Amino acid sequence: MNLRLEKISKSYGSVHVLKEITFGLKPGIYGLLGANGSGKTTLFRIICGLLQADNGQVLFNNQDIKEQAENFRSVLGFLPQDFNYYPDFSGLKFMLYIAALKGLNSRAAKKRCIELLDFVGLGDVKNKKIRQYSGGMKQRLGIAQTLINDPEIMILDEPTVGLDPKERVRFRKLLSNLSRDRIIILSTHIVSDVESVADEILILKDGILQTRGTAYDLVSEIKGQVWECLVSPNEADKLENRFLISNRRNDSGGVILKIVSTQRPTPTANQVPPTLEDLYLYYFREGGQDYDETNTI
Ligand code: ADP
């Protein structure tokens, strides 16, 4: 099984949101990482056939999805960002409703929906109204509904928005429990959502797929460029103007800064292993700002 995008481009008026995006995916979990407005939803809507690209093709098993629209819909599970939950339905009633829309016969549907609600940890609250569900419970219900047709491709648009840290952990566990013979793509602007769970991460910026790879591969791009130093609050403020700071924390002896820089930023700075968070900040530094790293303190 494979999904391939060939030179997908999309503009809204004069704004080029996607510029010849090309990549291929085989079964696995992929994290599409990009700042808000970087085009993730646009890309997903094109993959799902809900939006026409200006140019380019989406191919499923080497055939354009436009030539196999019905087949493609039957293998697709999509959780949009603005998913509509019908608050007065119970979780089970909602699942049965979606199952009916997807054409499952009612006996098979009930069994499948109950199994899926158990799988996402909503078995005990399946008869409660959705309006009583927490944000995390609603998102798990969202995942459950994408699974009704046992999709080969699952597309989850910002599935962790609004979740608290505990719900995020639970969501990640749920994702890693999904069977591995599907292509699962989730978008996020939060690094920790995908760092541990995704087999590969794709970084989208300025309409271009900047890079892709495992978290390990990607961070090696800035190996030797991440530093930590203990400085006074005053020095820290000065350094913040000149360097890309990936973290600042107070310490009894002053301020510990984590800095991404090709050069040692202060004589006492120590090199530390890079993380995906550092890399993300490196890619998404404000306005692609270049720092004047030439004058070390
Ligand atoms: P993301 O999902 O990464 O936040 P989007 O795909 O939603 O990004 O949006 C990418 C850019 O395209 C944004 O600048 C957004 O304002 C713009 N955009 C999205 N949809 C439309 C639309 N229907 N009409 C005009 N501009 C749009």
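Nothing here was measured: the structure is a model prediction, and the numbers come from that model. Computation of the quantities below employed the complete heavy-atom set of this structure, encompassing side-chain atoms and omitting hydrogens, waters and symmetry-equivalent molecules. One-based numbering, in listed order, for ligands and for the atoms of each.
- Within a 4.0 Å radius of atom 15 (C) of ligand 1, the protein contributes no non-hydrogen atoms.
- Using cut-offs of 30° and 60° for the angle between ring planes, the Phe83 and Tyr85 rings count as perpendicular.
- When only non-hydrogen protein atoms are considered, atom 7 (O) of ligand 1 lies nearest to Thr41 CB, 3.6 Å.
- Shortest contact from atom 12 (O) of ligand 1 to any protein heavy atom: Val17 CG2, 3.4 Å.
- The shortest distance between side-chain heavy atoms of Leu76 and Glu152 does not fall below 4.5 Å.
- The Ala35 neighbourhood of ligand 1 comprises atoms 3 (O), with distances under 4.0 Å to a heavy atom of that residue.
- Scanning all protein heavy atoms for the shortest distance to atom 24 (N) of ligand 1 gives Tyr12 CD2, 3.5 Å.
- The pair Lys258-Glu228 fails the salt-bridge criterion, with no side-chain N (NZ, NE, NH1 or NH2) lying under 4.0 Å from an Asp/Glu carboxylate O.
- A 4.5 Å side-chain heavy-atom check between Thr146 and Phe78 finds every atom pair outside the cut-off.
- Salt bridge status for Asp237 with Arg248: present, with a side-chain N to carboxylate O gap under 4.0 Å.
- Gly39 N, 3.0 Å is the protein heavy atom nearest to atom 8 (O) of ligand 1.
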Assess the residue pair Lys126 and Asp118 against the criterion (salt bridge (charged side-chain N to carboxylate O under 4.0 Å, His left out)); give the C-alpha distance rounded to whole Å, side-chain angles, the decisive distance to 0.1 Å, and a yes or no. CA-CA 9 Å; Lys126 61 177 177 287; Asp118 282 339; 5.2 Å; no
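- A heavy-atom separation below 4.0 Å is not found between Gly13 and ligand 1.
- Listed by number with element, the atoms of ligand 1 under 4.0 Å from a non-hydrogen atom of Ser38 are 1 (P), 3 (O), 8 (O).
- Within the 4.0 Å heavy-atom criterion, neither part of Ser187 lies near ligand 1.
- Within 6.0 Å of NZ on Lys129 lie no more than 12 heavy atoms contributed by other residues, nucleotides or ligands.
- Inter-residue side-chain proximity for Asp150 and Arg112 is flagged as met; some heavy-atom pair is nearer than 4.5 Å.
- No N or O atom of Asn36 sits closer than 3.5 Å to an N or O atom of ligand 1.
- Looking at atom 9 (O) of ligand 1, its nearest protein heavy atom turns out to be Thr42 OG1, 4.0 Å.
- When distances from atom 4 (O) of ligand 1 to the protein are checked, a heavy atom turns up under 4.0 Å.
- For atom 11 (C) of ligand 1, the nearest protein heavy atom (residue, atom name, distance) is Gly37 O, 3.6 Å.
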